[in-house]
2 protein chains.
Amino acid sequence: MAEGNGRPDLAAMTGRLGRALAAAEVPVLRAHGLSMWAYVVLLALDEGPVRSQSALAEAIHADKTRIIGVLDDLQDRGLIERVPDPGDRRVRLLSITAEGRRLRDAAQAAVQEREERLLSRLTEEERATFLRVLQDLHALPWEDLAGP
Amino acid sequence: MAEGNGRPDLAAMTGRLGRALAAAEVPVLRAHGLSMWAYVVLLALDEGPVRSQSALAEAIHADKTRIIGVLDDLQDRGLIERVPDPGDRRVRLLSITAEGRRLRDAAQAAVQEREERLLSRLTEEERATFLRVLQDLHALPWEDLAGP
DNA sequence: TATTGTTATACTCTATAACTATA
DNA sequence: TATAGTTATAGAGTATAACAATA
């Protein structure tokens, strides 16, 4: 006895869509030599330098021990800078380099170009509303989305 | 130097939204005595009986070894039926019970009631378009979303 | 003593391989 | 022999605990 009435849970729909888009993103990023975490780090640093690795980890909702290898690799490749703070030599000042910004821009352009394939299924009105709502919800703090 | 132009990746926005909604769902489901996988199984069986555990696992994109414990528990609690197929006693015929359907309905009502809190931020027009687009995209096969 | 970053360890989830029973 | 289901094992990803350097 099929059911039919009602809608699927919002969580099920956005979850599946998010996983599918992430799966689509992986090969694009790998073509640019980036892991998902490396890409997330470059995106975060592109909005400005960060004063400590802990702060960066918190900003991207990662564990601080989890991004160390990522930072090592990005630094070795000259995509980020990681220098001890002269005022407090325990903390590392993190910033993206010009080369890192170039790579980030190229990767993101490729990612979004691919996403256009999906958005092209929508009408102009659907596309505009969908993206606006998504951006509004994305701007909300986590607690407003996930609750107390 | 902040950037500002362009939009966040679709994958980042839907991914975060999906994870947040899933996180919001967990305590609601637990209040009904259900894990996420148990809930997914009940939802899948509600659309009709399934002829084998392998088929069910494939339908919900899970490994067949992963759902065994879930099925054991659901069966012990009388929420599903699992009987050997008389025609081929290797396969198990799976179906949801009336009690299982009651629990599923109660759980889903609670889940969606919570999701309404988020949707109430939208205008009627935004809400209608957003849900319609989401359902359309959700109905697409995985390959259309994630690509080749 | 407290904190940043790092390394080492343990845990959770998932997938793979080996096994039983039916065919 | 091949397949459905189960159990046992191993792997990936992640978090926790212990450590070194600096404050």
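Side-chain atoms are counted along with the backbone in the values below, which use heavy atoms only and exclude waters and symmetry mates. Just so you know, these numbers come straight off a predicted model, no measurement behind them.
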Report task. Identify, between B:R92 and A:G87, the residue whose nearest nucleotide on DNA chain D lies closer to the 5' end. Result ->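 Nearer the 5' end of the strand: B:R92.
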Query raised in the report: 5'-most contact on DNA chain D: A:K64 or A:H61, nearest heavy atom basis?
Result: A:H61
Value in whole Å for how far the [atom2] atom of [N] lies from [atom1] of [X]:
| X | N | atom1 | atom2 | answer |
| --- | --- | --- | --- | --- |
| B:M36 | C:dC13 | CE | C1' | 15 Å |
| A:D72 | C:dT6 | CG | P | 6 Å |
| A:R19 | C:dT14 | CZ | P | 11 Å |
| A:W37 | D:dG13 | CH2 | P | 12 Å |

For [N], take OP1 and OP2 only and decide whether either is under 4.0 Å from a side-chain N or O of [X].
| X | N | value |
| --- | --- | --- |
| A:R82 | C:dT6 | yes |
| B:R66 | C:dA15 | yes |
| A:S54 | C:dT3 | no |

Requested in this report: Give one of base, sugar-phosphate or nothing for B:R51, where a contact means two heavy atoms less than 4.0 Å apart.
Outcome: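 Contact class for B:R51: none.
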Query raised in the report: When all nucleic acid strands are considered with a 4.0 Å heavy-atom cut-off, which category describes B:D63: base, sugar-phosphate, or nothing?
Result: base
Looking at the side chain of [X], which of [options] is the nearest nucleotide?
| X | options | value |
| --- | --- | --- |
| A:T65 | D:dT7, C:dA2, C:dT7 | C:dT7 |
| A:S52 | C:dT4, C:dT7, C:dA23 | C:dT4 |
| A:R90 | C:dG5, C:dT14, D:dA23 | D:dA23 |

Query raised in the report: Between A:E125 and A:T129, is a side-chain contact (heavy atoms from CB on, under 4.5 Å) present by the stated rule, with each step listed?
Result: CA-CA 6 Å; A:E125 187 265 339; A:T129 302; 3.6 Å; yes
Residues 132-148 of chain B side chain polar contacts: donor-acceptor under 3.5 Å, at least two apart:
residue : atom : partner : partner atom : Å
B:R132  : NH1  : A:E126  : OE2          : 2.3
B:D144  : OD2  : A:R121  : NH2          : 3.3

Query raised in the report: Pick one: which of A:L56, A:L79, A:D76 meets side chain to side chain contact (heavy atoms under 4.5 Å, CB included) with A:L71?
Result: A:L56
Query raised in the report: Side-chain donor-acceptor pair under 3.5 Å between B:Q53 and B:R92, yes or no?
Result: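 No pair is found: no donor N or O on one side chain lies under 3.5 Å from an acceptor on the other.
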